[in-house]
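Ligands are counted one by one from 1 in listed order, and the atoms in each one are counted from 1 as well. All heavy atoms count here, side chains included; hydrogens, waters and symmetry mates do not.
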Amino acid sequence: MKTINWAALEAAAKDAAAQAYAPYSQFPVGVAVLAENGHIFAGCNVENASYGATVCAERNAIAAAVLAGHRKLLAVMVYTPQEKLTPPCGMCRQVIAEFFQPDSLIASCNHLGQQQHWELQYLLPDAFTPNYLAASNKISKD
Ligand SMILES: O=c1ccn([C@H]2C[C@H](O)[C@@H](CO)O2)c(=O)[nH]1
Ligand SMILES: [Zn+2]
């Protein structure tokens with residue numbers, strides 16, 4: 001298993017949170033994801049006057065990685081500027097399951113520099129993944 005530079009992920013997530021567009025919730029979130037080649041991609045939450053159109057930081061970070069051609073992702077770091085360590089929401093857990101492994105580490109950090117780590121399979125047991133689709137033999141992440 002590759003060593004994960006958690007400090008680099010924390011710094012990237014924190015920088016991303018500074019760009020969050022969260023005028024409705026006042027709850028800025030920054031996320032950094034680590035790709036298999038060591039590159040880090042970041043995202044922030046982007047809210048909308050039509051609240052349900054809001055996109056979480058996790059999904060924006062994953063979209064940035066996919067846009068850059070990275071579909072095999074290793075780790076996630078979520079930063080929120082509060083003491084409580086925030087895990088990804090349910091919708092983001094599902095999106096994470098598409099591009100990570102069950103034993104991938106999902107981490108959260110706070111403004112005190114504390115971290116908590118979970119395995120994806122703990123956050124989303126028995127995830128629905130492309131393997132379950134009848135057409136899964138046609139789906140490749142490569
Ligand atoms: O892990 C999380 C939890 C919440 N949010 C966003 C959605 C919304 O903009 C705000 C409050 O829910 O925080 C994220 O981006 N990631
Ligand atoms: Zn989410």
For [atom], what's the nearest protein heavy-atom neighbour? Residue, atom name and distance, please.
atom                    : result
atom 7 (C) of ligand 1  : C56 SG, 4.0 Å
atom 2 (C) of ligand 1  : E58 OE2, 3.4 Å
atom 5 (N) of ligand 1  : V29 CG2, 3.7 Å
atom 15 (O) of ligand 1 : A57 N, 2.9 Å
atom 12 (O) of ligand 1 : F27 CD2, 4.5 Å

What protein N/O/S atoms are there under 2.8 Å from the Zn ion (ligand 2), waters excluded? C56 SG, C89 SG, C92 SG
With a 4.5 Å heavy-atom cut-off, do [X] and [Y] have their side chains touching?
X   : Y   : answer
N60 : V31 : no
P28 : P81 : yes
L34 : I4  : yes

So which heavy atom on G113 is nearest to which on E10, and how close? CA-OE2, 3.7 Å
According to the interplanar angle, ranging from 0 to 90°, do the rings of F41 and H39 count as parallel (below 30°), tilted (30 to 60°) or perpendicular (above 60°)? tilted
Pick one: which of F100, W6, W118 meets side-chain contact (heavy atoms from CB on, under 4.5 Å) with L105? W6
More than 12 heavy atoms of other residues, nucleotides or ligands under 6.0 Å from [atom1] of [X]: yes or no?
X    : atom1 : result
Y122 : OH    : no
Q19  : CD    : no
Q114 : CD    : yes

Would you check whether E47 has a nitrogen or oxygen atom less than 3.5 angstrom from a nitrogen or oxygen atom of ligand 1? yes
Is there any N or O on N45 that sits under 3.5 Å from an N or O of ligand 1? yes
Are L67 and L73 connected in the hydrophobic side-chain network, where two residues link if heavy atoms are under 4.5 Å apart? no
Determine whether F99 and L123 fall in the same hydrophobic cluster, where Ile, Leu, Val, Met, Phe, Trp and Tyr are linked whenever their side-chain heavy atoms lie under 4.5 Å apart. yes
Atoms of ligand 1 under 4.0 Å from any heavy atom of T54, numbered from 1 in the order shown, are 8 (C), 9 (O)
Looking at S25, which atoms of ligand 1 are within less than 4.0 Å of one of its heavy atoms? 10 (C), 11 (C)
Do any heavy atoms of C44 fall under 4.0 Å from ligand 1? no
Can P88 be said to touch ligand 1, with heavy atoms closer than 4.0 Å? yes
In this structure, OH of Y79 is separated from CG of L85 (nearest 0.5 Å) by 11.0 Å
What part of P87, side chain from CB on, backbone N/CA/C/O, both or neither, has a heavy atom under 4.0 Å from ligand 1? backbone
